[in-house]
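Below: one structure, written as structure tokens.
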Amino acid sequence: MEKTNHITVNEIPSKTWSWLKMNRAAVDVPSALEPVLPKVRGICEGVSYSEKPSSKEMPDAAYTGGCGSSFDALFDGVQPVLITAASASGGSSGAENAPVVLDYRLSGGKSAVAAQDVFARENSSVTVIIVSSSDKGAGGFQALRTKLYAARNAHIHLVKVQLLGAGFVQADETAGFCEENASIEVTHIILGGAQTYLGAGANLSGYKSAFRSDAAYLCADGQVLDMNYVVLQYGKKSDCQMFVNGTLRGNGKKTYRGTIDFKNGCSGSTGNEQEETLLLSQQAVNNSIPVILCDEEDVSGEHGATIGRLGDDVLFYMQSRGIPKESAENIIARAKVQALLGKVNDEETVSFVSDFMNGLFGED
């Protein structure tokens, strides 16, 4: 059974009201959301971008994300932009191009909604980076939804970077579908905003299809981060790997729900979810809810979590070299994000994230 993590919305169609009342993760959403388009760079040969694609270009499929069907109400009438990777010859995904970067730079007070579709045709490979940012102290709301379709032997790597101002609320879903021998990789870096509600997942329909997610975050000073990852494994020998690594400090609050669902018929499939949480405050609140559901005997699933504080040996080592405790904690927290930046193949985005972290750690 798919677990869902929804977001309460004000003044949206009444058909969703029963869902709203039951939801525990609640955030008010403005009644009027303005569709916005990104600033785009990195389009190259073999990859196309369209702001007004035909409705038939993105395949229909049973996409799986983490926000549930009622989340669709936020996107009524919103035209997704479409990124398409052309088919490559041969039996495996072709050489990966430079990433396509979609930059959503929001102004204070903005109530914005945006959607993106990514279609990797047979044997193709594409990386898409989506950056959401604003001025440091700005507030507002952003609703974001991305659908990913990986055709046979195709690969999609989606990177989402959240660098919004201290007053922003973001509701973000990534929903994917994989055919035979296709793979989807999702990388999340969450550093900004007041509240972030994040859903992600995929339907692994095809034989030897695969999903991998990596998330790094810093949640501090009253920030709320609520994550729900859901992967449905239908295809034989499909594989799911989910990793979350982050830091809580101040009175930050983080909830992580990760569900791997082995469906009947997915024999030979594997799944693994691992979480590592660094607690730097007695007031921080951490909730970790890993779930493995199984309707098939011949599968292998595992999960694990490491939650704790910096060890005395680490602190002693750093302090013996003249690094005070607070600086040592900042170094470790920053290293968690820095490690994931190695998967972001775009120097401008990496520099942007590094500058944002400098501000967080007082290193401007």
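Computed from heavy atoms alone, side chains included, the values below leave out hydrogens, waters and symmetry copies. One-based numbering along the sequence shown.
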Derivation of the side chain to side chain contact (heavy atoms under 4.5 Å, CB included) call for L33 and L74
CA-CA 8 Å; L33 298 178; L74 296 180; 4.2 Å; yes
Verify side chain to side chain contact (heavy atoms under 4.5 Å, CB included) between E275 and T306, making sure each step is shown before the conclusion.
CA-CA 6 Å; E275 182 182 10; T306 302; over 6 Å; no
Using side chain to side chain contact (heavy atoms under 4.5 Å, CB included), reason through S213 and F211 one step at a time and then give a plain yes or no.
CA-CA 7 Å; S213 65; F211 175 86; 3.6 Å; yes
Show the numbers, then the answer: is there a side chain to side chain contact (heavy atoms under 4.5 Å, CB included) between Y229 and R257?
CA-CA 6 Å; Y229 288 70; R257 303 173 183 87; over 6 Å; no
Could you please spell out the steps behind the side-chain hydrogen bond (donor to acceptor under 3.5 Å, both in side chains) verdict for S87 and E122?
CA-CA 5 Å; S87 296; E122 186 170 338; 6.0 Å; no
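Ionic pairing of E34 and K110 is present here: one or more N-O contacts between side-chain nitrogen and carboxylate oxygen are shorter than 4.0 angstrom. A salt bridge does not link D60 to K147: none of the charged nitrogens lies less than 4.0 Å from a carboxylate oxygen. Salt-bridge annotation for D226 and K253: absent, with no side-chain N of the basic residue lying under 4.0 Å from a carboxylate O of the acidic one. By the 4.0 Å N-to-carboxylate-O rule, K160 lies close enough to D172 to be salt-bridged with it. Classification of K237 and D239 as a salt-bridged pair fails, no side-chain N sitting under 4.0 Å from a carboxylate O. Using a 4.0 Å cut-off between a side-chain N of Lys or Arg and a carboxylate O of Asp or Glu, E179 and R152 do not qualify as a salt bridge.
Side-chain contact annotation: S238 with Q233, donor-acceptor N/O pair under 3.5 Å present. Checked by atom type, the side-chain pair S267/E296 shows no donor-acceptor distance below 3.5 Å. A donor-acceptor pair shorter than 3.5 Å can be found between the side chains of N287 and T255. A donor-acceptor pair shorter than 3.5 Å can be found between the side chains of Y256 and E273. Between N272 and T270, the side chains place no donor N or O within less than 3.5 Å of an acceptor N or O (distance only, hydrogens not considered). Side chains of T196 and Q162: a donor on one and an acceptor on the other come within 3.5 Å. A donor-acceptor contact closer than 3.5 angstrom links the side chains of N330 and R249. Side-chain N/O atoms of Q142 and S132 include a donor and acceptor closer than 3.5 Å.
Side chain of D346 to main chain of T349: a donor-acceptor pair is present (N/O by atom type, distance under 3.5 Å, no hydrogens or angles). At least one donor-acceptor pair under 3.5 Å links the side chain of N228 to the backbone N or O of G66. Here the side chain of R105 pairs no donor or acceptor atom with the backbone of S133 at under 3.5 angstrom. Although no hydrogens or angles enter the test, the distance criterion places a donor-acceptor pair under 3.5 Å between the side chain of S354 and the main chain of V350. A donor-acceptor pair under 3.5 Å is formed between the side chain of S269 and the backbone N or O of C266. The backbone N or O of A62 lies less than 3.5 Å from a partner atom in the side chain of N203, making a donor-acceptor pair. N181 places no side-chain N or O within donor-acceptor distance of the main-chain N or O of N153, the cut-off being under 3.5 Å.
In this pair, F119 and Y149 present their aromatic rings perpendicular. The plane angle is above 60°, beyond the 30 to 60° band.
Considering only heavy atoms from C-beta on, V81 stays 4.5 Å or farther from D117 through its side chain. Put simply, the side chain of T127 does not reach to within 4.5 Å of the side chain of N345, judged on heavy atoms. Between F243 and Q241 the shortest side-chain heavy-atom distance falls below 4.5 Å.
Crowding of K336 atom NZ: a count of heavy atoms from other residues, nucleotides or ligands under 6.0 Å exceeding 12. For CD of E348, the number of neighbouring non-hydrogen atoms (other residues, nucleotides, ligands) closer than 6.0 Å is 12 at most.
L204 contributes atom CG, which lies 10.0 Å from atom CZ of F262 (distance to the nearest 0.5 angstrom).
Of the residues listed (L144, L37, L164), the one engaging Y104 in a side chain to side chain contact (heavy atoms under 4.5 Å, CB included) is L144, and it is the only one.
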